[in-house]
Each structure stands twice: as C-alpha cells, then as structure tokens.
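Scroll down for the structure; my scribbles are underneath it.
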Amino acid sequence: MGEHKVTFCTICEATCGLVAEVASNRILQLAPDEHHVVSRGYACAKGLHQHEITHSQDRIKRPLKRIGNGFVPISWQQAFREIGGKLRALMEEHGPHTVASYLGNPISFNFFAPIFAAGFSEGIGTRNFFQTGSQDCNNKFAVAQRMYGFPFLQTFPDVDRTRCLIVVGSNPVVSRMSFIHLPHPAERLSAIERRGGRVVFVDPRRHESSKVFGEHVFIRPDTDVFFYLAFLNVVLSRGAYDEERIGRYMRGFDTLRRVAEPWTPERCASVTGIPAAVLHDLVRSYVEADGAAIFCSTGVNQGSSGTLAFWLQETINAVTGNLDRLGGTLVGRGMIADLPRRLRKLGKTMGTGRSRIGDLPSCVDSLPAGILADEILTGGEGQVRALIVLAGNPLLSIPNGGGKLERALRSLELLVSIDILRNETGNLAHYVLPGLHALERPNLPFVFQSIMGATPVPFFQYTDAVVLPDGEQKDEVEILIELARAAKIPLFRSKAFQKIMESWIDARRLPGIGAKVGFSQERMADFVLRATGTGSVNELRRLPHGILRTPPEGGDFLGRRVVTDDGKVDLAPDDIVELAKGMERRFAWELEHRHDVKLIGRREPLSHNSWMHNTERFARAGRSTNCLYVNPEDARSRGFAEGDVVRVKTDAGAVDAPVRITPDMMAGAAALPHGWGHEAADGLHIARRAPGVNKNLLVRTGPDALEPLSGMAHFNGLLVTLERVSSSE
Ligand SMILES: Nc1nc2c(c(=O)[nH]1)N[C@H]1C(S)=C(S)[C@@H](COP(=O)(O)OP(=O)(O)OC[C@H]3O[C@@H](n4cnc5c(=O)[nH]c(N)nc54)[C@H](O)[C@@H]3O)O[C@H]1N2
Ligand SMILES: Nc1nc2c(c(=O)[nH]1)N[C@H]1C(S)=C(S)[C@@H](COP(=O)(O)OP(=O)(O)OC[C@H]3O[C@@H](n4cnc5c(=O)[nH]c(N)nc54)[C@H](O)[C@@H]3O)O[C@H]1N2
Ligand code: SF4
Ligand SMILES: [Mo]
C-alpha cells in the first residue's frame with residue numbers, strides 16, 4: 001500500500017482529476033479522483049494507464065548524441081555546450097531565421113513551457129516558430145482575431161444548459177472534444193436529451209458518440225462550409241435573427257447576408273449529401289430552442305475551408321442571439337482579468353509575421369508547420385538549418401508530402417528533440433534531450449482553461465509532481481534556459497530576464513538553501529498565482545481536488561469584452577468575405593468530384609496522436625496497424641473483402657493498409673487514423689511491433705496545400721484512389 005497523491009491528467013483537455021498511489025517513487029496505480037470539483041470520478045483508460053509511459057523502459061534518462069547510426073549518452077554540460085555552440089555558429093553565419101523550433105501538443109499542457117519556448121524564439125529573433133495549432137485549430141484563432149479582436153476570445157457551448165447542440169466534426173466520447181473543458185462528455189451531453197433537448201452530430205462517420213446518444217447526420221467530407229452556408233441561409237430567410245442585438249453589438253450584417261444568399265439547402269444538398277428537409281429541420285430545432293449552439297472541432301478545422309466554416313458557425317451563433325447567453329455559447333474569463341485587451345494593446349499574439357516560403361501569415365505568433373519541409377529544403381536567405389523539437393513528432397504529425405518532410409529533417413545541420421522517448425523524429429535527430437513526464441512536474445491547468453477560460457464549469461487547481469525523475473531528465477523550461485545560456489540567446493530578447501533565470505537555476509547549488517530558493521516550477525507557479533490574485537501554491541495545496549470559480553452568467557461579453565477597434569463583433573471581416581467569393585468555384589469542383597472517394601481521419605480510444613502506441617495495454621488490444629475504414633458500397637464496387645490490403649493514393653503519396661468494411665462510414669468517405677508509422681522507431685520497443693503506416697505521407701506540404709488565412713493543414717477530404725494490393729486470404 002503506497003501513499004496517495006491527488007493530481008490531474010494533462011493528456012487531453014478534459015484535465016480529469018486523478019489519485020496516484022505511489023511507493024518508492026513509482027506510481028503503482030492511478031484512479032479517478034472522486035472528489036474532483038468538475039470531473040467527479042471520471043477518467044479514461046489512457047489517463048489511468050499513463051504511468052506505463054512514466055515508467056517505460058524506453059524513457060530516455062540521459063542526453064543522447066547521434067554517432068553514425070547509433071546514439072551514445074553524453075553529459076548535460078556537453079549537450080548544452082555543443083548544441084549552444086552550433087546554434088550560435090549557425091545564427092552568426094546565416095542569421096536568426098536559420099533556427100526554427102516546433103512545439104508539440106503534450107508540452108502545451110505544461111503551463112510554463114510554451115511561454116518559454118515562445119521566449120526562446122523571440123530571443124533568437126526568428127520568425128520560424130511552429131506549433132501544432134496549424135494541424136489542429138488555427139482557423140479558430142484566425143477567426144476570433146478578426147471577429148472578436150483577439151485569438152483567445154474563443155466561444156464554447158454552454159453544454160450544461162443548452163437545449164440544442166449541433167456538433168460538427170467531433171467525437172466527444174473518444175476525444176473529449178477540443179476548446180472546451182469537458183470531462184465525462186457522455187454524461188454531460190446526453191443530459192441535453194434527458195432535459196428534452198436535441199444533440200445532433202454532423203459527421204461522415206457514424207461515430208462512437210452518436211451510438212451512445214444524440215442523432216447522426218452524414219455529411220460528405222470537407223463540404224462543411226456548404227452546410228454552414230445553407231444553415232445561415234435558412235436562419236436568415238426565416239428571419240430568425242435578433243435585429244436589436246445585431247444593431248447594438250455587431251457590424252457587417254448586410255455583407256454577411258449577401259454571402260449567404262445564393263446557398264439554399266436545396267443547392268448545397270448536392271455536395272454535402274444532407275437532404276434539404278433534414279437541414280430545415282435542424283435549423284428549426286436550433287432557432288426554436290431556448291438556448292442553442294453549434295460547435296465544431298478538428299473534423300472541420302482540418303478541411304480545406306476551416307476558416308470560412310468556423311466563421312459562418314460563429315456568425316450563426318451570434319446573429320440568432322445565442323452568443324453570450326446561458327444555454328448558447330459563452331466566452332470564459334481566464335485567471336488574468338482583461339488579458340485580451342491588454343495583450344492586444346501590446347501587439348502580442350496577433351501574428352504580424354509572414355513566412356519566407358509562400359508569404360503565409362503567422363497565427364498566434366507561429367507559422368504553419370505545413371511549410372516547414374519547404375523552409376528547410378529551399379535555399380537562400382533565411383533557409384532553416386536547425387530545428388529544435390519540443391515534445392513533438394512532426395515526422396508523423398504534420399504534412400509529410402510523400403516523404404518530403406523526412407528528406408528535409410535528414411538534411412538539417414542540427415536537429416534536437418526534447419522528449420520523454422526517442423520517437424521517430426528523435427531518431428533522425430543529432431541530439432535527444434530527456435524531458436519530464438507530466439506526472440514528474442508541478443503544474444497548473446491547461447492554458448485554454450486557465451488563460452482562455454474555455455470551461456463551462458470554471459475551476460482552478462495546482463498539482464505537485466507525483467514522482468521525481470529517476471535519471472537525469474530535466475524540466476523543459478530549465479532545458480530552454482540552459483540552451484539559451486549556451487547559445488547566448490536572451491530569452492524574450494531581455495538580457496536581464498535571461499540573467500535572472502540563469503542565476504535562479506544556479507541558486508539551486510547554494511549550500512543549505514539551494515533547494516528552498518532555487519528555480520522550480522513550483523516557485524514559478526506560486527509567483528503566477530500570487531501575481532494574478534489566484535491564491536498561492538500553499539492555498540491550492542490545501543484544496544487538492546480543485547476549487548470552483550465564479551460560474552458564467554452570459555451577457556458579459558458583447559459590448560464589454562469584445563476588443564475589436566470599435567468594440568463590435570465583426571460579422572464580415574474583409575479578407576474572410578473575399579475568400580468566400582471562391583465558394584462558387586469550390587462548389588463546382590465538389591460537384592465534379594462528387595463520386596470520388598475522399599479520405600478523412602479519426603481518433604481511437606487507446607491511441608493519442610503518435611505517442612500512446614508504446615504501452616503494453618495498447619499492444620494487448622491486439623493492434624498491429626492502422627486500418628482503412630470504408631463503406632460496404634465502396635468496398636463492393638472495388639471488390640474489397642475485409643482485411644484485404646489496399647493502396648491508398650493521393651497526389652502526394654501512397655500507403656498500404658488493411659481494409660475494414662463498415663456501414664458506419666458514409667459512402668464515398670474512407671478513414672485512416674494518423675499517428676502511426678513506427679517501423680523505424682527502435683527507441684519504442686512496443687510501438688515498433690505495431691508500426692502501421694504514416695498517414696501524413698498522403699498530405700502535401702507547401703503553401704498551396706494550406707488554408708490561406710490560418711495556414712491550417714488540409715487533412716480531411718483528400719481525394720484518394722483505392723486499389724487492392726493483396727487479399728486477406
Ligand atoms: N493526419 C492527421 N494528422 C494530425 C492530426 C489529424 O487529425 N490527422 N491531428 C493533429 C493534432 S490535433 C495534433 S495536436 C498534432 C500532434 O502533433 P505532435 O505534438 O507533433 O505529435 P504527438 O504525437 O502528440 O507527439 C508528442 C511527443 O511528445 C512527447 N511527450 C509527451 N509528454 C511529454 C512531456 O511532458 N515532455 C516532453 N518533452 N515530451 C513529451 C511524446 O513522447 C511524443 O513524442 O498532430 C496533428 N496531426
Ligand atoms: N483518444 C484520443 N483522444 C484525443 C486525441 C487522440 O489522438 N486520441 N487527440 C486529442 C487532440 S490533440 C485533439 S485536437 C482532440 C480533437 O478532438 P476531436 O476534434 O473531437 O477529434 P476526433 O475524435 O478525431 O473527431 C473528429 C471527427 O471529425 C470527423 N470528420 C472527419 N472529416 C470530417 C469532415 O470533413 N467534416 C465533418 N463534419 N467531420 C469530419 C471524424 O469522422 C471524427 O468523428 O482530441 C484529443 N483527444
Ligand atoms: S479524458 Fe483526457 S484528461 Fe481525462 S483521463 Fe482521459 S486522457 Fe486524461
Ligand atoms: Mo490536437
């Protein structure tokens with residue numbers, strides 16, 4: 001029997017409370033925290049088995065340096081000296097833009113690391129800062145910046161009060177959605193039906209969520225923008241908008257009206273596959289409900305028109321009077337009062353930089369990762385020669401263009417991976433530096449909750465580290481400070497700040513008091529909590545299951561916290577309206593290709609992007625690869641039988657995967673999960689046994705392949721040809 005420590009999970013946005021049983025610095029078991037103020041005893045299999053990763057035999061415990069085809073352990077001093085020296089030399093010879101960094105998904109859940117990673121790039125003065133946002137959600141940031149004046153002003157559905165929720169391209173039961181804090185989604189969302197409301201999923205796949213609750217409507221992949229146009233068209237033609245509210249709080253309504261005019265549900269049905277009668281019925285439920293919301297996630301974001309689609313969604317919620325009301329959509333308040341207004345004044349996070357390749361805009365201060373391969377491979381002033389990857393696996397997670405990204409990564413003069421494992425990207429690196437597993441560091445809730453306030457039930461929490469690293473692993477913030485010191489880079493361009501951080505780290509060596517006064521995430525958290533009036537580490541420690549904060553009331557966003565120049569919601573931002581003019585051409589293209597198969601993605605319960613395949617629990621589930629899911633009609637017309645190996649081909653590349661035939665797929669849509677392709681991962685002994693194929697080999701890189709306003713990668717709705725290569729017998 002070990003000691004029990006209360007903590008929370010940071011694998012996904014649900015941030016579920018957990019209780020760890022710990023003995024001799026090992027986690028014996030993780031259980032859901034019954035007393036957590038929001039998750040109340042809910043947690044999923046991934047969260048409850050993550051200690052298999054904390055204590056995995058594949059954890060890297062010392063810095064590694066590549067020598068020939070192998071890796072040898074080196075000291076931290078040597079790693080910092082060599083990497084710092086190389087960075088400095090490259091910057092001096094080629095200028096700051098030659099150094100790029102890529103911030104992966106898991107580290108974004110560490111409160112401080114993303115801030116320091118941004119400070120590292122700012123210190124270098126490089127525009128080449130990449131994050132996962134351009135594979136995930138940058139369309140939402142691009143729209144919020146234009147409509148509400150700041151990217152972090154994100155709406156979320158008031159799920160616990162709404163009477164009608166339309167969910168487009170999200171599978172809450174498996175993924176717990178995104179841009180909303182939603183532990184126990186099945187319980188919370190099915191309650192909408194129990195109180196007499198309606199939940200409707202719009203998705204090319206009849207997914208797990210729609211089998212548990214709600215209704216399901218098939219939509220042809222990557223035609224969401226036409227669904228939203230038709231929806232808005234009907235809302236307007238029914239006169240179901242709130243003129244008084246629009247007049248007082250919004251501008252651009254007439255322009256918006258003109259955009260929606262040509263798109264009747266009858267017309268759009270021919271490309272979306274959603275019958276006009278179904279659409280009319282959906283709009284009727286939505287406008288008649290006492291509080292309704294449309295929500296979308298990666299299914300829409302990763303299409304070719306994510307910015308347009310999300311913009312239309314936001315305008316629908318806004319003009320119908322559902323924005324900023326209980327039961328509709330809300331904009332939360334984070335821990336720092338009035339942050340959007342303050343940051344906007346400072347010109348922060350508004351993305352003014354542009355890429356060298358393709359002249360694409362930056363979004364939330366980062367450039368689209370879909371151009372990384374081209375930035376590396378294209379010679380000239382500003383060519384990327386060094387890349388620092390922090391908790392990411394770009395080789396498997398960003399567009400790879402038939403192996404172009406791999407060629408690019410191999411050609412780098414310096415590739416550093418800071419990770420807990422030596423993943424596929426790390427395998428190509430010159431240095432792999434060992435970071436901490438989430439349960440080895442103190443933490444505050446994810447920035448979307450703590451800073452953006454995307455929490456229907458606002459809460460706050462602090463966790464201490466549950467176990468300590470059992471080797472030389474270092475906190476990622478410390479690694480960044482040390483790399484900056486070695487390369488003579490002042491973090492955030494401030495020599496004073498850099499000096500303070502270095503001295504703080506050095507203070508740990510002071511005899512007697514070092515452990516009490518030196519650098520630690522705990523002390524940083526304490527500082528931030530006090531500075532923002534959120535309490536202190538000690539106060540929050542006394543309330544380990546979290547504290548509830550003031551619940552949202554609605555009616556406090558419009559006219560008050562919208563930070564556009566005139567304080568009004570811009571329903572018709574110029575560049576978005578301009579982009580919408582391309583929809584006639586897109587419509588014609590969709591009609592022309594309406595009989596072709598389109599490829600989409602999906603997420604699976606035990607798999608998390610590319611990094612959960614290395615656990616015995618996953619392997620025990622008997623998986624050896626990712627499968628291609630197709631509808632029986634598509635299988636029959638091509639002569640596929642269950643288990644046949646099928647070649648999936650796009651204009652970028654081809655991969656082979658076994659086929660699974662299921663009526664859950666819409667005819668004309670095929671799904672292949674991402675995050676696989678572990679065949680060369682000799683640092684991941686379990687994942688390697690179930691390699692699968694890297695879906696992103698099918699995805700083109702480069703500016704033409706990306707959504708123009710947000711730089712979002714285009715993963716969903718790729719035209720594919722399917723051809724049998726071998727039969728299952
Ligand atoms: N085709 C396709 N591609 C996609 C998607 C899709 O739907 N379809 N989804 C996209 C989305 S939404 C995302 S968010 C991205 C994810 O893209 P990435 O973040 O690049 O990929 P991950 O697989 O999450 O890799 C995370 C890495 O972080 C490491 N890690 C975990 N915890 C820690 C830690 O605490 N410290 C350190 N230092 N390392 C840690 C893991 O070992 C792993 O190697 O992928 C995107 N790619
Ligand atoms: N188990 C598990 N949970 C996860 C993750 C994971 O990898 N595994 N990843 C986490 C991360 S990083 C994120 S960002 C969130 C994402 O959370 P979600 O956005 O909810 O992600 P998915 O579960 O992939 O749901 C996307 C849905 O979009 C549908 N879809 C695909 N193409 C289209 C399209 O063109 N139109 C429409 N309307 N729908 C489409 C798919 O069929 C799928 O059901 O999940 C998080 N949670
Ligand atoms: S739902 Fe997300 S946060 Fe909750 S336990 Fe699972 S992975 Fe962790
Ligand atoms: Mo994501």
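Source: prediction; values computed, not measured. Whatever order the structure lists them in is the order used to number ligands and atoms, beginning at 1. We count residues from 1, following the sequence as given.
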Q: Identify the protein heavy atom lying closest to atom 14 (S) of ligand 1, giving its residue, its atom name and the separation to 0.1 Å.
A: Asn105 ND2, 3.3 Å

Q) Can you list the ligand 1 atoms lying under 4.0 Å from a non-hydrogen atom of Ser610? A) 22 (P), 23 (O), 25 (O)

Q | Nearest-neighbour protein heavy atom for atom 8 (Fe) of ligand 3, which is reported as residue plus atom name and distance | A | Cys9 SG, 2.3 Å

**Q.** Contact partition for Asn171 relative to ligand 2, non-hydrogen atoms under 4.0 Å
**A.** both

Q: Heavy-atom contacts with Glu476 under 4.0 Å: which atoms of ligand 1 show up? List them by number with element.
A: 34 (C), 36 (N), 37 (C), 38 (N)

Q | Heteroatom proximity flag, Ala391 to ligand 1, N/O under 3.5 Å | A | yes

Q: Describe, in one word, how the ring planes of His608 and Trp611 are oriented to each other, choosing from parallel (under 30°), tilted (30 to 60°) and perpendicular (over 60°).
A: perpendicular

Q. Which of the numbered atoms in ligand 1 are below 4.0 angstrom from a heavy atom of Gly104?
A. 19 (O)

Q: Return the residue, atom name and 0.1 Å-rounded distance of the protein heavy atom closest to atom 34 (C) of ligand 1.
A: Leu436 O, 3.2 Å

Q) Looking only at protein heavy atoms, which one is nearest to atom 3 (S) of ligand 3, and how far off is it? A) Thr15 N, 3.3 Å

Q) atom 11 (C) of ligand 2: which of Glu208, His674, Met612, Arg603 has the nearest heavy atom? A) Arg603

Q: Decide yes or no on side chain to side chain contact (heavy atoms under 4.5 Å, CB included) for Ile294 and Val168, but give the supporting numbers first.
A: CA-CA 8 Å; Ile294 317 188; Val168 192; 3.9 Å; yes

Q.
When you measure from atom 4 (Fe) of ligand 3 to the N, O or S atoms of Cys12, does any of those distances fall below 2.8 Å?
A. no

Q: Record the part of Asn609 in heavy-atom contact with ligand 2 below 4.0 Å; permitted values are side chain, backbone, both and neither.
A: both

Q) Is ligand 2 less than 4.0 angstrom away from at least one heavy atom of Arg220? A) no

Q: May I ask you to decide if Ala713's main-chain N or O and Gln135's side chain share a donor-acceptor pair within less than 3.5 Å?
A: no

Q) Is any N or O atom of Arg602, backbone or side chain, closer than 3.5 Å to an N or O atom of ligand 2? A) no

Q. When you measure from the side chain of Asn443 to the backbone N and O of Phe111, does any donor-acceptor pair fall under 3.5 Å?
A. yes

(Q) Quick test: of every protein heavy atom, which one is nearest to atom 7 (O) of ligand 1, and how far off is it to 0.1 Å? (A) Gln302 NE2, 3.1 Å

Q. Does Phe715 reach the side chain of Asn696, with side-chain heavy atoms less than 4.5 Å apart?
A. yes

Q: Answer yes or no: is there an ion pair linking Asp470 with Lys61, defined by an N-O contact shorter than 4.0 Å?
A: yes

(Q) Using only atom types and a distance under 3.5 Å, with no angle test, would you say the side chain of Asn393 pairs donor to acceptor with the backbone of Ser610? (A) no

Q | atom 45 (O) of ligand 1: nearest protein contact (heavy atom, Å) | A | Ser397 CB, 3.4 Å

Q. Is His608 close to ligand 1, meaning an N/O of one under 3.5 Å from an N/O of the other?
A. no

**Q.** Close N or O approach (Val300, ligand 2; < 3.5 Å)
**A.** no

Q: Report yes or no: does a heavy atom of Tyr102 sit under 4.0 Å from some atom of ligand 1?
A: yes

Q. How does His207 reach ligand 2, by side chain, by backbone, by both or by neither, if only non-hydrogen atoms under 4.0 Å count?
A. side chain

(Q) Show me which atoms of ligand 1 lie under 4.0 Å from any heavy atom of Ile418. (A) 38 (N)

Q) If you draw a 6.0 Å radius around NZ in Lys649, do more than 12 non-hydrogen atoms from other residues or ligands fall strictly inside? A) no

(Q) Looking at His181 and Ala14, would you say the former's side chain and the latter's main chain have a donor-acceptor pair under 3.5 Å? (A) yes

Q) Hey, is CZ on Arg206 packed in by over 12 heavy atoms from elsewhere, all under 6.0 Å? A) yes

Q. What orientation do His216 and Phe218 show, parallel under 30°, tilted 30 to 60°, or perpendicular over 60°?
A. perpendicular

(Q) I want to confirm something. Looking only at heavy atoms, which of Pro204, Ser297, Ser108, Ser170 is nearest to atom 40 (C) of ligand 2? (A) Pro204

Q. For His437, is at least one N or O under 3.5 Å away from an N or O on ligand 1?
A. no

Q: Could you tell me whether Lys474 sits above the aromatic face of Trp76, with NZ or CZ closer than 6.0 angstrom to the six-membered ring centre and within 45 degrees of the axis?
A: yes

Q | Residues Glu13, Phe448; criterion side chain to side chain contact (heavy atoms under 4.5 Å, CB included); working and verdict | A | CA-CA 8 Å; Glu13 278 171 54; Phe448 283 14; 3.7 Å; yes

**Q.** Interatomic spacing from CZ in Phe129 to OG in Ser366 - rounded to 0.5 Å
**A.** 6.5 Å

Q.
Students should be able to answer this: which protein heavy-atom is nearest to atom 5 (S) of ligand 3, and at what distance?
A. Cys44 N, 3.3 Å

**Q.** Non-hydrogen atom of Pro605 closer than 4.0 Å to ligand 2
**A.** yes

Q | Close N or O approach (Asn696, ligand 1; < 3.5 Å) | A | yes

Q) For atom 4 (Fe) of ligand 3, what's the nearest protein heavy atom and its distance? A) Cys16 SG, 2.3 Å

Q: Would you verify whether the NZ or CZ of Lys140 falls within 45 degrees of the ring axis of Phe295 while also being under 6.0 Å from that six-membered ring's centre?
A: yes

Q) So between Ile219, Asp203, Val174, Thr223, whose heavy atom ends up nearest atom 41 (C) of ligand 2? A) Asp203

**Q.** Polar side chain donor-acceptor pair, His49 to Thr615, under 3.5 angstrom
**A.** no

Q. Any idea which part of Cys296 is under 4.0 Å from ligand 2, heavy-atom wise: side chain, backbone, both or neither?
A. neither

(Q) I need the contact type for Leu18 against ligand 3. Using non-hydrogen atoms and a strict under-4.0 Å cut-off, is it side chain, backbone, both or neither? (A) neither

Q) Which bit of Glu604 is near ligand 2, meaning a heavy atom under 4.0 Å away: side chain, backbone, both or neither? A) backbone

Q) Given that the side chain starts at C-beta and the backbone is N, CA, C, O, which of these parts of Asn423 lies under 4.0 Å from ligand 1, counting heavy atoms, or is it both or neither? A) side chain

Q. Once you round to the nearest 0.5 Å, how far does CZ of Arg59 lie from CZ of Arg62?
A. 15.5 Å

Q. Side chain to side chain contact (heavy atoms under 4.5 Å, CB included) between Phe130 and Ser101: does it pass, once the steps are laid out?
A. CA-CA 6 Å; Phe130 301 90; Ser101 47; over 6 Å; no

Q: Hey, can you tell me if His184 and Tyr42 have their rings parallel, tilted or perpendicular (30° and 60° cut-offs)?
A: parallel

(Q) How far is atom 42 (O) of ligand 1 from the closest protein heavy atom, and which atom is that? (A) Asp419 OD1, 2.6 Å

(Q) Taking 4.0 angstrom as the limit and counting only heavy atoms of Arg441, give me the atoms of ligand 1 inside it, by number and element. (A) 34 (C), 35 (O), 36 (N)

Q: For ligand 2, note which part of Asn716 has a heavy atom under 4.0 Å away: side chain, backbone, both or neither.
A: side chain

Q: Would you mind finding which of Ser607, Pro106, Ser175, Pro221 brings a heavy atom closest to atom 17 (O) of ligand 2?
A: Ser175

Q. Based purely on interatomic distance, does Asp222 place a nitrogen or oxygen under 3.5 Å from a nitrogen or oxygen of ligand 2?
A. yes

Q. Taking the inter-plane angle between the rings of Phe446 and Phe109 on a 0 to 90° scale, is it parallel (under 30°), tilted (30 to 60°) or perpendicular (over 60°)?
A. parallel

Q.
Among all protein heavy atoms in this structure, tell me which lies nearest to atom 1 (S) of ligand 3, with the distance rounded to 0.1 Å.
A. Arg176 CD, 3.3 Å

